[in-house]
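Letters go in sequence order (proteins before strands), and every chain restarts at 1. Note that this is a predicted model, so its numbers are computed, not measured.
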2 protein chains.
Amino acid sequence: MICKIHAHSYDELDDIFPDSIKKTHQRLDILRILYHSKTPLSAAEIYEKLNSEHKDNGYAFSTIYRSLSAFEKAGTIVKTVLTTEDNAVYEYRNETHKHYAVCLKCHKKIPISTCPMHDIIDELAKSIPGFKVTGHQMELTGYCENCSKQ
Amino acid sequence: MICKIHAHSYDELDDIFPDSIKKTHQRLDILRILYHSKTPLSAAEIYEKLNSEHKDNGYAFSTIYRSLSAFEKAGTIVKTVLTTEDNAVYEYRNETHKHYAVCLKCHKKIPISTCPMHDIIDELAKSIPGFKVTGHQMELTGYCENCSKQ
DNA sequence: TTGGTTGCAAAATGTTTGCATGACC
DNA sequence: GGTCATGCAAACATTTTGCAACCAA
């Protein structure tokens, strides 16, 4: 089957797909989904998207999980666990990393545009002798506009 | 069975045990463990401690999980999920909440004494219109003194 | 061609739930 | 005594793994 749309949308991934792993169409699909998503996605959400887009061929959960860890290992995506869910979510690692405000009621994830940690992280790192900081995670919890009205 | 040790060590919990739930010896044991722990503990770690301390009577996982959610609901303890593990950890909610630096290799959790978010959280909340902030989570990742030597 | 990748099914892990027994107030 | 909590086992959800078939380089 010839699929122009895919052939086209794969182009944009050429720059970001890690050289260290094989370029399969499953992995390209997974990375494209994360690349375009505005919020981090769980393995189940990725599975949903894959199998609604490509009804003809199935995508297995094992493939998704294995691809996600391959991307994570390569540094292309980031895995995090939000306090409101008990599953992991994944997102494309933009040069500017993201943080989220999570609604405790409807579980909506609202991206926070700026990273306030940037300025204080070096200072903070000094208070932990010998620890080499490579990253950080931050999350606000509370209630979104809709849910706080009710 | 008369157990002086328990009768004694329970005293310190009188002030913090929530009125809203029944005071059973299982819950007292669980809360006492969390109260004394310097790092957040998983359900499995609590299970270990309980069953090594009290070899005579068994503690079920279901009891631990149910007790933990009861305490969490009452606001006595806090549940969080660290990025390095895929299970939840629980800690006693001190008036001064805690953050941790987590080693990506040995998974050691090093408490960060100060909360740098305090000063910036109000400012930050303004950037998310309508969102009511009730809490936050923060975590540094990297390598601890030992592991960064290797 | 060949080693890495996939899909399937089964296993492992962490957590939740139904139900009868038992303990707290 | 009545209600709520416990323990057990079984269910559940998420993630991992073994293995044969398959595909990208």
Side-chain angles (χ1 to χ4, degrees), chain A residues 1 3 6-7 10 13-14 17-31 40-48 50-51 54-74 76-90 107, chain B residues 1-3 6-7 10 13-14 17-31 40-48 50-51 54-74 76-77 79-90 107:
Chain A
M1 153 182 135
C3 190
H6 289 176
Y10 284 166
L13 300 182
D14 282 351
F17 199 101
D19 296 329
S20 48
I21 62 172
K22 245 181 217 178
K23 206 176 277 189
T24 67
H25 73 93
Q26 289 94 333
R27 288 178 175 169
L28 283 161
D29 283 337
I30 291 170
L31 186 54
L41 300 175
S42 66
E45 288 168 326
I46 294 169
Y47 180 88
E48 287 287 310
L50 282 175
N51 288 290
H54 311 265
K55 292 207 176 61
D56 38 339
N57 46 353
Y59 287 75
F61 265 107
S62 51
T63 304
I64 294 174
Y65 279 112
R66 279 191 272 228
S67 300
L68 289 171
S69 9
F71 284 133
E72 196 199 359
K73 211 170 161 191
T76 315
I77 67 171
V78 183
K79 171 187 181 181
T80 46
V81 188
L82 301 175
T83 50
T84 46
E85 322 276 338
D86 27 58
N87 52 14
V89 290
Y90 302 82
H107 294 190
Chain B
M1 151 183 137
I2 297 168
C3 189
H6 290 178
Y10 286 165
L13 300 182
D14 282 351
F17 199 99
D19 296 329
S20 49
I21 62 171
K22 242 178 216 175
K23 206 175 278 191
T24 67
H25 73 93
Q26 287 94 333
R27 287 179 175 169
L28 284 161
D29 283 337
I30 291 169
L31 185 54
L41 300 175
S42 67
E45 288 168 327
I46 296 169
Y47 180 88
E48 287 287 310
L50 282 175
N51 287 291
H54 311 267
K55 290 208 177 59
D56 39 341
N57 47 352
Y59 288 74
F61 265 107
S62 51
T63 304
I64 295 174
Y65 279 113
R66 278 192 273 231
S67 301
L68 289 172
S69 7
F71 284 134
E72 196 200 358
K73 212 170 159 188
T76 315
I77 67 171
K79 171 187 180 181
T80 46
V81 187
L82 301 176
T83 50
T84 45
E85 321 276 337
D86 25 60
N87 52 13
V89 290
Y90 302 82
H107 294 189

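Every residue two or more places apart in sequence or in another chain was checked for a ring pair (Phe, Tyr, Trp, His ring centres under 6.0 Å) with A/Tyr90, and none qualifies. Applying the side-chain contact (heavy atoms from CB on, under 4.5 Å) criterion to B/Phe17, with sequence neighbours excluded, gives B/Ile21, B/Lys23, B/Arg27, B/Leu28, B/Leu31, B/Phe71. Every residue two or more places apart in sequence or in another chain was checked for a ring pair (Phe, Tyr, Trp, His ring centres under 6.0 Å) with A/Tyr65, and none qualifies.
Axis angle between the ends of the helix from C/dT1-D/dA25 to C/dC25-D/dG1, five pairs each and rounded to 10 degrees, works out to 40°.
In summary, contact between chain A and DNA chain D, defined as any nucleotide atom under 4.0 Å from a heavy atom of the protein, begins and ends at D/dT14 to D/dA25 in the 5' to 3' direction.
For the atom pair OG1 of B/Thr80 and CD of B/Glu85, the computed distance is 10.5 Å after rounding to the nearest 0.5 Å. Atom NZ in B/Lys79 sits 7.5 Å away from atom OG in B/Ser69 (nearest 0.5 Å). Put simply, CD on A/Glu48 and OG on A/Ser42 are 9.0 Å apart, with the number rounded to the nearest 0.5 Å. Rounded to the nearest 0.5 Å, atoms OG1 (A/Thr76) and CG (A/Leu13) are 10.5 Å apart. Atom CD1 of A/Ile46 and atom CG of A/Asp29 lie 11.5 Å apart (nearest 0.5 Å).
Residue B/Ile30 comes nearest to B/Ile64 through the heavy atom pair CD1-CA, 3.9 Å, listed as atom of the first residue, atom of the second, then distance.
Remark: aromatic rings of A/Tyr47 and A/Tyr59 are distant, center separation not under 6.0 Å.
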key: Protein proximity profile, nucleotides 13-25 of chain C - base contact B, sugar-phosphate-only contact S, no contact -, cut-off 4.0 Å on heavy atoms   = -SBBBB-----BS

